[in-house]
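For reference, the structure is listed below as structure tokens.
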Amino acid sequence: MAVARTLSIIKPDATARNITGKINALLEEGGLRIVAQKRLRLTKAQAQAFYDVHRERAFYDELCEYMISGPVVVQVLEGEDAVQRNRKIMGATNPASADEGTIRKAFGQNVQENSVHGSDSPENADKEIRFFFSEIELAG
């Protein structure tokens, strides 16, 4: 496996509970390196553009409103098979179904407030990283 990158978002429920450090510790302990990171508050337009793939789904508007409800931490993770490694560390979308030791099992409150987002494929990882980070922010 080659070293790859993926996008991670620590969602508003987690930033509100001040657990970003605990989440990052699990990511790092799982073999991922944080190579770029910033805390920001998404605008409605940004949330709608980022989640455009879900525009036709019933949960789209609620998801966008949730993602603008508080600050998020967007970050680029790097490591062997980064997308799949991050998804394993995050756990199932529904915290009730997530494996013990995963971020969502430990910190998720429900399907929406599940503390983290992660890219689902290398292609989407590249697209999502470029949504939030410029080339200069990724250098080094």
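Predicted model only: the values in this text are computed from it and were never measured.
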- Any donor and acceptor pair, going by atom type alone, linking the side chain of Ser97 with main-chain N or O of Ala92 inside 3.5 Å? no
Might you point out which heavy atoms bring [X] and [Y] nearest each other, and give the distance in Å?
X: Ala36; Y: Leu138; result: CB-CD2, 4.0 Å
X: Ala47; Y: Met67; result: CB-CB, 4.5 Å
X: Pro12; Y: Gly70; result: CG-O, 3.8 Å
X: Val83; Y: Ser119; result: CG1-O, 3.5 Å
X: Arg5; Y: Val76; result: CD-CG1, 3.8 Å

Between [X] and [Y], is there a shared hydrophobic cluster once you connect ILVMFWY residues whose side-chain heavy atoms come closer than 4.5 Å?
X: Leu7; Y: Val53; result: no
X: Val111; Y: Phe59; result: no
X: Val72; Y: Phe132; result: yes

Which value, rounded to the nearest 0.5 Å, describes the distance between [X] atom [atom1] and [Y] atom [atom2]?
X: Lys11; Y: Glu113; atom1: NZ; atom2: CD; value: 9.5 Å
X: Leu63; Y: His117; atom1: CG; atom2: NE2; value: 9.5 Å
X: Glu78; Y: Arg33; atom1: CD; atom2: CZ; value: 5.0 Å
X: Glu128; Y: Phe131; atom1: CD; atom2: CZ; value: 9.5 Å
X: Arg87; Y: Arg104; atom1: CZ; atom2: CZ; value: 6.5 Å
X: Thr93; Y: Asp120; atom1: OG1; atom2: CG; value: 10.0 Å

- Applying side-chain contact (heavy atoms from CB on, under 4.5 Å), run through Asn124 and Ser121 and close with a yes or a no. CA-CA 5 Å; Asn124 282 339; Ser121 69; 3.4 Å; yes
Would one find more than 12 heavy atoms of other residues, nucleotides or ligands at under 6.0 Å from atom [atom1] of [X]?
X: Lys22; atom1: NZ; answer: no
X: Lys105; atom1: NZ; answer: yes
X: Asn110; atom1: CG; answer: yes
X: Gln109; atom1: CD; answer: yes

Just by distance, no angles: are the side chains of [X] and [Y] close enough, under 3.5 Å, to form a donor-acceptor pair?
X: Ser115; Y: Asp13; answer: yes
X: Gln75; Y: Asn24; answer: yes
X: Asp81; Y: Gln84; answer: no

- Other cluster members, Phe107 - Ile/Leu/Val/Met/Phe/Trp/Tyr, side-chain contacts below 4.5 Å: Ile10, Ile19, Ile23, Leu26, Leu27, Leu32, Ile34, Val73, Leu77, Ile89, Met90, Ile103, Val116
- Partner set under side chain to side chain contact (heavy atoms under 4.5 Å, CB included) for Asp52, not counting sequence neighbours: Arg55
- Item | Note: Arg130-Glu135 ion pair, threshold 4.0 Å (strictly below) | no
- Taking the side chain as every heavy atom from C-beta outward, state whether Thr20 and Thr15 have any pair of such atoms under 4.5 Å apart. yes
